[in-house]
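Proteins get letters first, then strands, A, B, ... in listed order; numbering begins at 1 in each. What you are looking at is a predicted structure, and each value in this text was computed from that prediction instead of being measured.
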Amino acid sequence: MNILQRAFYEREDVVLIAQELLGKMLFTQFNNTITGGIIIETEAYAGITDRASHAFGNKRTFRTEVMYSKGGTAYIYLCYGVHSLFNVVTNKKDIPDAVLIRAIKPIIGVDSMLQRSGKKTVDKEFGTGPGRVSKILGIHFSFTGFDLTVKPSKTAEEGIWLEDNRINILPEKILKGPRVGVDYAGKDALRLYRFRTII
DNA sequence: CATAGGATCGCCT
DNA sequence: GGCGATCCTATGT
């Protein structure tokens, strides 16, 4: 059982965790269908001091409350009224750090993922972009708050979890850049909190 | 109650 | 490469 444990998520350094999530497997199980892929792009959101974070200034609202859960919880919200964006909550309870999963390399259940996307074949964009990641994995914003440290039983209706399949990404293979779509964050928009790797 | 804006995507030109 | 979709959230009156 290689499922990522609570201790992995509850560490303090969200920027480090965002990089370590590269190469990990992200799975979903909905209605007896398991789909999953290798995480290849992430962004770190550093809690209350990061203007790009929804929790900047310790803003606790109905939406952001999930970010204050213990590490290993799913924070999923609706973006532009259309896309469910999937984040992994990190750090201890009441510290609202999170990592946005921006891209995966689809591996398990590719047919099901194609079906969800409405595509016939795998193209270059398949699995890239946070909206598409959720779409092909069947993740809906109503699943926010899910515990990511529990692997569902075979008969369970739904579950989201991550596994370590011992893919090791060397630090020099990690590309760093500014986060996407956070121009409003002033100088925090310049932080190099976006991480990508080529697999 | 009314309004503005968003951690995006896909289609159109 | 430009733009519309689409609806939740936060804020203000």
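Rounded to an integer number of Å, the gap from His83(A) NE2 to dC7(C) P is 12 Å. If you measure from atom NE2 of His140(A) to atom C1' of dT6(C), you get 13 Å, rounded to the nearest angstrom. Between the CZ atom of Arg60(A) and the P atom of dT11(C) there is a distance of 15 Å, rounded to whole Å. dC9(B) atom P lies 17 Å from atom CZ of Arg116(A), rounded to whole Å. The nearest whole Å value for the distance from the CD atom in Glu125(A) to the P atom in dC11(B) is 11 Å.
Under the Watson-Crick and G-U wobble criteria, each requiring two contacts below 3.5 Å, nucleotide dG12(C) is paired to dC1(B). dA7(B) is unpaired under the Watson-Crick or G-U wobble criterion, no partner having all donor-acceptor distances under 3.5 Å.
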Summarise how protein sits on nucleotides 1-7 of chain B as a single string, 5' to 3': B when a protein heavy atom is under 4.0 Å from the base, S for sugar-phosphate-only contact, - for no contact. -----BB
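Scanning both residues, Gly23(A) and Ile167(A), for their nearest heavy atoms gives O-CB, 3.7 Å.
Asp188(A) and Tyr45(A) share no donor-acceptor pair across their side chains, judged by distance under 3.5 Å alone. Side chains of Asp147(A) and Thr149(A): a donor on one and an acceptor on the other come within 3.5 Å.
Between the side chain of Thr42(A) and the main chain of Ala18(A), a donor-acceptor pair closer than 3.5 Å is present.
Classified by interplanar angle (parallel below 30°, tilted 30° to 60°, perpendicular above 60°), the ring pair His54(A)/Tyr77(A) is perpendicular.
With dA5(C), dT11(C), dC8(C) as the choices, the nucleotide that has an atom nearest any side-chain atom of Val82(A) turns out to be dA5(C). Side-chain proximity of Arg132(A) to dT11(C), dC9(B), dC8(C): nearest is dC9(B).
A salt bridge links Arg194(A) with Glu41(A): the distance from a Lys NZ or Arg NE/NH1/NH2 to an Asp or Glu carboxylate oxygen falls below 4.0 Å.
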